[in-house]
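Input: a single structure, listed below in structure tokens.
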Amino acid sequence: MNALRYLGRRAVSTVPMLLLVGLITFLLIHITPGDPASVVAGENATEEAIQEARRRLGLDKPFLVQFVTWLTSVLSGDLGTSFTSGKPVTELIFERMPITLSLTAGATLIGLLIAIPFGVFAATHRGSWADRTTILVTSMGIAAPEFFIGLLLVLVVALEWGILPATGYTPFSEDPIEWARGLILPSLALGLGIAAELTRQVRGAMIDVLSRDYIQTARAKGLSLFSIIVKHGLKNAAIPVVTVLGLQIRRLLGGTVIVEQIFAMNGVGSLAVRAVFHRDLPVLLGVALTTAIIVLIINLIVDLSYSYFDPKVRAG
Amino acid sequence: MQVITRTLAAAGLFATLTGAANAQGSFNTNGTVVFYDAVGNLTLDPQEPQNNSSFAQGMIMAIFDALVYLDPKGEPTPGLAQSWSYNADLTQFTMQLRPGVTFHDGAPFNADAVKKNFDRVISLGARAGFASLETMAALSAIEVTGPMEIRLTLKEPNGQLPYLLGSQAGMMISPAALEGNAFGAQLKPVGAGPYRVRSAESNVRTNATRYDGYWGGTAGRPAALEAQFVPDGRARLNALRSGQANLALIDPRQIAEAKAAGLEVQVNEKNSTWDFYLNVKRDNISNLKLRQAMMHGLDRAAIVDALGFGASQPTAQLFASSSPMYMKELDAIYPFDPAKAKKLVAEAGYPNGVDVTWLLLNTTEYRTLAEAIQAMWGEVGIRVKFDTVDTSQFVQFKRGPRGDVMMARWGGRPDPLQAFQEVAGATGSVNPGGAAVPEIDTLIAKARAMSPDNPARMEVLRQLNKLTTEQVSHIGIMTRSAVYAFKPGCITGLPAYLPTGNDRLNDVKMGASCK
């Protein structure tokens with residue numbers, strides 16, 4: 001019951017947040033130079049055609065009227081219609097969301113698969129050559145931007161070795177193997193940065209946990225190191241790691257914009273980039289709102305996970 | 001094998017290539033040409049404004065056959081209209097339509113279908129693209145005079161119809177698709193071209209399959225054509241190298257890289273140029289001596305060397321060197337001569353130099369070129385101040401309030417006369433100051449009242465080219481090319497198509513060994 005009440009409170013608190021996101025995005029788009037009506041009317045359009053496009057798109061109305069019209073439409077579940085393609089924004093986002101979500105999930109998986117073993121290994125071998133190497137490599141991983149890693153991976157793995165495709169996305173329903181092959185490089189480009197950040201977090205948290213009395217007691221009782229790490233260490237070290245993971249997933253959503261360009265994937269990031277170039281306001285607003293909702297859901301999941309990892313939080 | 005093919009006079013070359021390969025039966029007719037393009041299509045409606053852009057025509061032309069074909073040099077030849085004729089005073093234009101043509105949905109092509117298409121463009125009004133509007137604005141009546149004959153009555157003598165009907169206004173859509181006033185994304189893209197649409201995703205990809213009922217035949221054509229819009233040049237080249245694409249439009253700066261990777265590179269020079277539009281109503285620009293100084297102060301050869309990457313030629317004109325309109329002698333009128341330029345600036349009444357405001361469109365490509373020219377003109381006393389705007393704000397120049405000059409990528413037009421109308425004529429869409437001298441409008445009117453088959457028309461156009469260059473109605477910088485890369489021997493049938501900014505995909509073929 002408490003949990004339900006908590007979820008209800010959180011859901012209500014997201015409403016002003018989403019409103020604010022909508023308002024700020026609306027404002028930012030309107031103060032950005034550029035004229036959507038000119039873009040829609042096309043190259044060499046007459047003044048009459050531009051005005052007709054402005055009227056048709058509702059851009060001739062005052063700012064507040066435009067915002068309220070959009071908001072009313074959003075509240076009824078309609079994100080509007082793309083200025084340029086004429087398709088419903090919801091449909092455009094849903095068409096592309098599987099690509100971005102696959103990419104984000106792939107990157108997160110890669111991050112975790114690398115971070116947990118390497119972080120634990122570095123923590124259990126603190127001060128060793130392997131530990132120092134881990135710190136050095138993760139520092140480089142954090143510093144290297146996604147586009148750099150992406151281009152390097154394409155150059156070596158796709159173009160030199162020719163073992164994975166350099167671009168494109170195959171839907172899972174069409175060919176699961178090609179879907180996976182196409183996701184490896186972009187997920188690595190996105191995920192290696194996360195892996196570096198998480199490895200350091202896992203290492204730090206595990207060093208802290210491994211120095212606690214209950215771990216010493218477990219050791220004194222003769223439990224194996226593996227058993228101590230899995231049963232006691234990882235769960236107790238999880239809270240700071242999950243917090244950082246939540247932050248990193250938000251970063252990933254931003255990173256997909258770049259990675260989708262490099263790998264010619266038509267996900268939500270790419271949709272946003274094209275919407276910027278075409279001044280497609282409804283699409284931009286829809287993408288901003290959807291991304292904000294995803295981030296709020298991730299925040300909620302992270303918060304809820306605290307009570308799983310730490311019973312004291314649940315009791316509180 | 002690393003080969004650069006410069007396709008200049010491509011009609012003959014194309015015939016040779018396709019003829020030879022056909023004879024050997026060496027085409028892959030079961031494969032798919034996957035083309036990674038730098039331009040996408042928001043919708044597949046030829047009348048939609050975005051598709052009136054000179055740079056968005058590749059797939060559109062392959063789907064929607066036009067009444068008139070323009071040959072690679074831009075001259076009108078029969079398309080869905082088998083023949084046409086004007087009356088004596090060029091106020092009536094009658095077309096005999098090609099029999100036996102069907103649209104992709106099986107509907108017959110006839111005079112009623114043509115009328116329905118024209119009526120639809122007229123009813124769209126300002127929603128239609130500029131090229132279609134321009135054509136319809138010339139008409140006062142459309143009459144079906146027989147099952148396969150249609151007569152257009154013109155508001156005034158106009159010899160441009162064959163050219164105009166070779167572009168968007170002449171692209172025929174199946175009458176069934178036009179029911180219910182479908183427009184833009186709502187239109188079912190059913191044409192009569194060699195490829196029928198299987199699926200399309202706005203500004204992402206268009207998949208089309210060979211139309212076996214195409215009146216022009218299917219010999220040698222690949223089974224399917226897929227165009228993907230990939231804005232990043234590096235991704236396009238990477239896709240080609242790793243096999244996701246078998247044809248890619250690459251950036252000129254990637255030519256060396258593509259060659260080094262063993263790819264074949266084809267440079268199709270276009271009637272598309274980097275050009276300055278001038279507002280001759282401005283105090284400074286109205287002075288011919290200053291305009292001449294700008295011409296002399298421009299080191300086109302250096303610009304081409306540094307920024308052309310082998311895909312551009314220096315020119316002061318609006319045409320490719322392979323165009324019948326190109327006049328070599330005009331490029332010698334204003335050679336690079338900084339001393340003379342400086343003298344002309346002083347003679348124009350600016351002994352201490354002059355300020356010129358340049359409405360600069362804010363892209364890396366534009367800025368790189370702009371900074372080079374700013375430095376050159378600075379040396380001769382022309383102090384350029386950039387007024388930087390988003391690309392969608394270039395109307396600020398067209399309307400006149402901002403910018404003495406503006407540089408842009410001129411995309412070419414089906415009729416060379418249109419180039420002069422737009423850039424140098426009194427009502428030109430990129431010429432806010434009007435004609436530099438009244439004779440320009442006189443010559444434009446004279447050429448408009450001549451039919452394409454009148455030999456005197458070309459003479460008038462050449463006079464216009466000479467006059468607009470001498471009077472510096474615009475300042476050409478260098479030509480632009482569409483640069484393609486593909487695996488050696490993989491792609492043929494993609495000649496330079498001068499009338500638009502990009503090339504026709506209608507007759508593209510795959511080599512037998514190409515996948």
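Order of the sequence lines fixes the chain letters, A, B, ..., with proteins taken first and strands second; residue numbering starts at 1 for each chain. Owing to the predicted nature of the structure, the values given are computational and were not obtained by experimental measurement.
At least one donor-acceptor pair under 3.5 Å links the side chain of B:Ser242 to the backbone N or O of A:Ala166.
If you tally non-hydrogen atom pairs under 4.5 Å between each of B:Val230, B:Thr43, B:Val204 and chain A, the highest count goes to B:Val204. Listed options B:Arg236, B:Arg234, B:Arg127 were ranked by heavy-atom pairs under 4.5 angstrom with chain A; first place goes to B:Arg127. Per-residue heavy-atom pair counts under 4.5 Å with chain B were compared for A:Ala49, A:Pro165, A:Gly86, A:Gly168, and the maximum is reached by A:Pro165.
The existence of a salt bridge linking B:Glu201 and A:Arg96 is confirmed by a sub-4.0 Å separation between a basic side-chain nitrogen and an acidic carboxylate oxygen.
Rounding to the nearest 0.5 Å places CG of B:Leu42 at 5.0 Å from OG1 of A:Thr84. How far CG of A:Leu155 is from CZ of B:Arg241: 7.0 Å, rounded to the nearest 0.5 Å.
With a 4.5 Å cut-off on non-hydrogen atoms, B:Tyr36 touches chain A through its side chain but not through its backbone. Heavy-atom distances place no part of A:Leu271 under 4.5 Å from chain B, backbone and side chain included. Contacts between A:Asp35 and chain B at a heavy-atom distance below 4.5 Å involve backbone atoms as well as side-chain atoms. Heavy atoms closer than 4.5 Å to chain B are found in the side chain of A:Glu52, but not in its backbone. Heavy-atom distances place the side chain of B:Asp232, and not its backbone, under 4.5 Å from chain A. When heavy atoms are compared at a cutoff of 4.5 Å, A:Leu151 approaches chain B solely by way of its side chain, counted from C-beta outward.
For B:Arg253, the CZ atom counts as loosely surrounded, since its 6.0 Å shell holds 12 or fewer non-hydrogen atoms of other residues, nucleotides or ligands.
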